[in-house]
Amino acid sequence: MNGLEIEHIVAVVLGVIVVCVALFALRNDWKTPGLDNQVFKIMLGLLALGGVLAALTGAGFIGKS
Amino acid sequence: MAVVSIPGGGEVDQLYAETRALRLQGFLLFLVSDIVLFSSFIFAYLYLRNSGQGWPPPGVTRPAIALGAVNAAILFGSGATMHYALENFKHGKFMRYAAFMISTIILGVLFLSGQGFEYYTLYVHDHVSWSGSGIFGASFFTLTGMHGFHVFCGIWYLTILLLQSVHGVYDKNKYFGLTAGTLYWHFVDVIWVVLFSIFYLV
């Protein structure tokens, strides 16, 4: 296994972890009131999107090299 | 100083209760101004990119996508740890808070190290530079450099917040500084979602 393959695997694993954690946090905070919490929800949603992008890139489905 | 009750239990001084919403709005406006700053650079890059012939220009190498994906996942992971740092602080679990906060700072440093390695690779091996590779090099180094500077400031910001919380500046009823720090760190993450997409994915 070379360095490039390791980078791809690490990106997929970390990306999946980020998506799971972000969605779990989003579910837990879904009903919390307050302006700051509404912003946090948007941020967590975008964080989950970022995790999806990183995982898909690591898996080779998207991205140009 | 007069003490007032807050929703969800607990008491804070009246001045804090009265000014928290205003300070939150002020901090959100600061983040909006930063969004405007990044947006202007991003739209300039997209305009230049779509008005040229081919992208990246001939002879210019794209940054390595696998390293970029790992770096992105590290930064997004730091957003998750920062979120749980704040949650644990709210619930009075100080040791867990400190562990998540330190993890966030370490992940931020790892991200900057990865970016430094990427710059080194591009500059030394692929001969892509800020001034010598046309619009692509200028856009890439300006935008990612500006973002990297925000991450660098964020690392110091979180370090100061951690030291302040160790010295008892915040408690579980009064922690606006930590909320602002978390908002800032999430903002830095979200900007990278956009930059990662435009430089590595499309």
Check your understanding: At a heavy-atom separation under 4.5 Å, does B:Leu28 approach chain A through its side chain, its backbone, both, or neither?
Key -> side chain
Practice item. Enumerate by number any residue of residues 80-91 of chain B whose heavy atoms lie under 4.5 Å from heavy atoms of chain A; in the absence of such residues, state 'none'. Key: B:Ala80, B:His83, B:Tyr84, B:Leu86, B:Glu87, B:Lys90
Check your understanding: Is the B:Tyr45-B:Phe199 ring centre distance short of 6.0 angstrom?
Key -> yes
Exercise for review: Give the ring-plane orientation class for B:Trp156 versus B:Phe152, where under 30° counts as parallel, over 60° as perpendicular and anything between as tilted.
Suggested key: perpendicular
Exercise for review: Taking the side chain as every heavy atom from C-beta outward, state whether A:Leu53 and B:Phe76 have any pair of such atoms under 4.5 Å apart.
Suggested key: no
Review point. Strictly under 6.0 Å, is that where the ring centroids of B:Trp185 and B:Tyr157 end up?
Key: no
Check your understanding: Quick check: are there more than 12 heavy atoms from other residues, nucleotides or ligands sitting under 6.0 Å from OH of B:Tyr123?
Key -> no
Exercise for review: Tell me, for A:Leu44 versus chain B, whether the close heavy atoms (under 4.5 Å) come from the side chain, the backbone, both or neither.
Suggested key: side chain
Practice item. For the residue pair B:Leu183 and B:Leu24, establish whether any side-chain heavy-atom pair is separated by less than 4.5 Å. Key: yes
Review point. Can you tell which of B:Leu31, B:Val193, B:Val70 has the highest number of heavy-atom pairs within less than 4.5 Å of chain A?
Key: B:Val70
Review point. Are B:Phe30 and B:Phe27 close enough, and set up right, to give a side-chain contact (heavy atoms from CB on, under 4.5 Å), and what steps lead you there?
Key: CA-CA 5 Å; B:Phe30 158 68; B:Phe27 195 80; 4.1 Å; yes
Review point. Between A:Leu4, A:Asn28, A:Val10, A:Asp36, which has the largest tally of heavy atom pairs under 4.5 Å with chain B?
Key: A:Asp36
Exercise for review: Name the region of A:Ala25, side chain, backbone, both or neither, that has any atom closer than 4.5 Å to a heavy atom of chain B.
Suggested key: both
Exercise for review: Using atom types as modelled and distance alone, determine if a side-chain donor or acceptor of B:Tyr175 lies under 3.5 Å from a backbone N or O of B:Ser165.
Suggested key: no
